[in-house]
Amino acid sequence: MAAPVGPIRFWKPGTEGPGANLAEERQSNAEVTSVIYNPHASLSIEQQRQKLPVFKLRNHILYLVENYQTVVIIGETGCGKSTQIPQYLAEAGWTAEGKVVGVTQPRRVAAVSVAGRVAEERGALLGHEVGYCIRFDDCTDPQATRIKFLTDGMLVREMMSDPLLTRYSVLMLDEAHERTLYTDIAIGLLKKVQKKRGDLRLIVASATLDAEKFKAFFNQNDTNDPNRDTCAILTVEGRTFPVDIFYTQSPVPDYLKSTVQTVMKIHQSDIDGDILAFLTGQEEVESVVSMLVEQARILARSGMKKHLRVLPMYAGLPASEQMKVFERVSTNVRKVVVATNIAETSITINGISFVIDCGFVKLRAYDPKRAVESLVVVPVSQASASQRAGRSGRNRSGQCYRLYTEEDFQKLPPSTIPEMQRSNLSPVILQLKALGIDNVLRFHFLSPPPAQSMVQALELLYALGGLDKHCRLTEPLGVRMAEFPLNPMFAKMLLESGNFGCSAEILSIAAMMQIQNVFVVPPNQKSQAIREHRKFAVEEGDHLTMLNVYEAFIKFNKSSQWCQQHFLNYKGLMRAVTVREQLKKMLNKFRVPKNSSEGDPDPILRCIVSGFFANAAKLHSTGAYRTVRDGHELHIHPSSVLYAEKPPNWVLFSEVIQTNKYYMRDVTAVESAWLLELAPHFYQQGTHLSRSSKRPKMDNL
DNA sequence: GAGCACTGC
């Protein structure tokens, strides 16, 4: 079905007003658009380093780090801060006497790639003077490494064994404005460390917007005399190209159709350059892709020489499909990438000249009352909108089409709510406790989470036995749970597995539950894929189904071809193997007996209950489920193997996701007697299971 | 009766 291609009128603020169109724009951009930016390709590495905007501020930065405990650096894209500042510090002596300069990144690929670049610039082999450390991959030499890139999650882990981070002289938190869960934990912890280690220097790399907030947080000057500040702000100009922003004159009724129209309008304007469109989810992406393919076909039939290559991009897409967005296209083809938020920070596609921004994003939210996470579509923040626009100005000047009015843009929140304020906090609280933060309610959070989220987390940790009634970490259970890189319910289940005689099976299940999209469903082979997937399904539910998949994968020698035949995610399964290895090492360390139930499902199911008893639901006569804990209505998620089956009376689930309804994911049938038997402290005895009145005392949060 | 933004340990 063809989407109607009507005129969308954009106007650019500050110019001639409504009616400015692409043809006029073409004049001003005609020269720059044909230049691919790489002006310094022929220069030596040293010369290239000196060309970076940050180089001019080298001495200024070193002065500030010398004289201030914390320096907030506003480093715009392309200024070279991530690669250069650690080297300046090393050159200035901050890595003398075995000390290390650490640089954190929110994402693994960034840590690895920046480390690689810096090693190259220093003519060093990666893993010696310059190294990186991410989960499953420690590429550092404890003796030789002086500049170390790591994920912020790894830094928090390191603090569990070395709370004062004694090896480090300087820590740079890169991309701090993204405010990921672990960046925020690290920020709170580092403020505490600084009080005990006056010599530790902190560099917070952030966007303009948050600089003052960071300064206010880290500044220990309680006088009015700015000369006694312990924190300074410095701005480094970026080196990107201008991006022209266009808004719609009036709100668009359907941003999917508007996206299609805008793509076609750009395409017909015959200005070169690829297009990147932002939408909120997989379904929207696929629907716009098919509309565009249809439009492109019509255009090709009408004799248009320039072709459109339309590509979807989202995290759930198989890796081979994802790779296509990075492929170069010939000059008579224009690439259109229709993406979710993955293209905002996680991946960078070169050659994008046009960005189309629908103005919305799908975000995680957390309801502390129900202990339920949900995915909600909300308007983007202004910061996010700028980030999206900037994806077009990386190689040459760009254009960004916002499918909303300028007035609506002004009404958007300046920045996205930090993850800390919209997450289930039980893993966070457990980690903080393990790091010696006794009073988590008084912990200095850069943005404190809702108190109710904390109470909810404390209650769950108490019910799992990780905290005692004074909210202190229990020995050894709580301490051990905190060591696992997992949600505490999974940790509890693993630590109990030896007692149930099924640690081998529970290891596989826990590992499988950490990966997404195990079952691959290509749109054109849907029924075939579902038929293959059904072969693994068992009536007990998703946990044992996943165990089946894992064991079959091992039995068939981890064959990628076998995965393809059965429409399974090979990369994901390989990851499950690695995760399982790591978890197995931890169980060995804690001397959890190695055993197997030898095909008997009961011990496995009972062990799952020992970790997930708080997530129980009972089938009601209405056909819907209700949580045993507090009677909230739930449904089986359509991705569950139990979805199409006769619904069991009692189920456990690993999480609830709210979309149109409240859906349980990873669902397994259980017997109600097991709940009473294995969690008597949580459920009272009676004909009806109900929430125990026992609650943790909140006298020592 | 009908669905899953993205990371990270």
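Letters A, B, ... mirror the listed sequences (proteins, then strands); counts begin at 1.
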S.K.: Just how far, in rounded Å, is C1' of dC9(B) from CD of Q582(A)?
M.R.: 7 Å
S.K.: Indicate whether the side chain of S384(A) and that of E344(A) have a donor and an acceptor atom separated by less than 3.5 Å.
M.R.: yes
S.K.: Check this for me: does the side-chain of S639(A) come within 3.5 Å of the base of dC4(B) through a donor and an acceptor?
M.R.: yes
S.K.: With a cut-off of less than 4.0 Å, is there a side-chain N or O of T345(A) near OP1 or OP2 of dC6(B)?
M.R.: no
S.K.: Whether the side chain of Y663(A) and the base of dG3(B) hold a donor-acceptor pair under 3.5 Å is what I'd like checked.
M.R.: no
S.K.: Side-chain contact, heavy-atom cut-off 4.5 Å: I506(A) with I608(A)?
M.R.: yes
S.K.: Is the centre of the F612(A) ring less than 6.0 Å from the centre of the F490(A) ring?
M.R.: yes
S.K.: Just checking Y643(A): base, sugar-phosphate only, or nothing, at a heavy-atom cut-off of under 4.0 Å?
M.R.: base
S.K.: In whole Å, what is the span from the CE atom of M313(A) to the P atom of dC4(B)?
M.R.: 20 Å
S.K.: Would you tell me if any nitrogen or oxygen in the side chain of T340(A) comes within less than 4.0 Å of OP1 or OP2 on dC6(B)?
M.R.: yes
S.K.: Among dC4(B), dG8(B), dT7(B), which is the nearest nucleotide to the side chain of A315(A)?
M.R.: dT7(B)
S.K.: Whole angstrom is fine here: how far is it from CD1 in I185(A) over to P in dT7(B)?
M.R.: 18 Å
S.K.: Without decimals, in angstroms, what is the distance between F484(A) CZ and dC9(B) C1'?
M.R.: 13 Å
S.K.: Mind calculating the distance between CE (M513(A)) and C1' (dG8(B)) to the nearest angstrom?
M.R.: 20 Å
S.K.: With respect to the side chain of K661(A), which nucleotide from dA2(B), dC4(B), dT7(B) is positioned closest?
M.R.: dA2(B)
S.K.: What's L375(A) touching, base or sugar-phosphate or nothing? Going by heavy atoms closer than 4.0 Å.
M.R.: base
S.K.: Check whether any side-chain heavy atom of Y182(A) lies under 4.5 Å from a side-chain heavy atom of Q431(A), and answer yes or no.
M.R.: yes
S.K.: Nearest whole angstrom, please: distance from the C1' of dA5(B) to the CG of N341(A).
M.R.: 6 Å
S.K.: Taking for each residue the nucleotide of DNA chain B with the nearest heavy atom, is it P485(A) or R364(A) whose nucleotide lies nearer the 5' end?
M.R.: R364(A)
S.K.: Using whole Å, what does the distance between atom P of nucleotide dG8(B) and atom CE of M159(A) come to?
M.R.: 20 Å
S.K.: Under 4.0 Å between any heavy atoms, over every strand shown, what does D152(A) touch: base, sugar-phosphate, or nothing? Just pick one.
M.R.: nothing
S.K.: As a test of reading the structure: which of dC4(B), dG1(B), dA5(B) is closest to the side chain of K362(A), going by heavy atoms?
M.R.: dA5(B)
S.K.: What does I134(A) touch in the nucleic acid at a heavy-atom separation under 4.0 angstrom: a base, only the sugar-phosphate, or nothing?
M.R.: sugar-phosphate
S.K.: Can you check whether G127(A)'s main-chain N or O pairs, donor with acceptor, with D141(A)'s side chain at less than 3.5 Å?
M.R.: no
S.K.: With a 4.0 Å cut-off on heavy atoms, is R107(A) in touch with a base, just the backbone sugar-phosphate, or nothing at all?
M.R.: sugar-phosphate
S.K.: Does dG1(B) have its OP1 or OP2 closer than 4.0 Å to a side-chain nitrogen or oxygen of H635(A)?
M.R.: no
S.K.: Just how far, in rounded Å, is P of dA5(B) from CZ of F278(A)?
M.R.: 15 Å
S.K.: When you measure from the side chain of H444(A) to the backbone of K192(A), do you find a donor-acceptor pair of N or O atoms at a distance under 3.5 Å?
M.R.: no
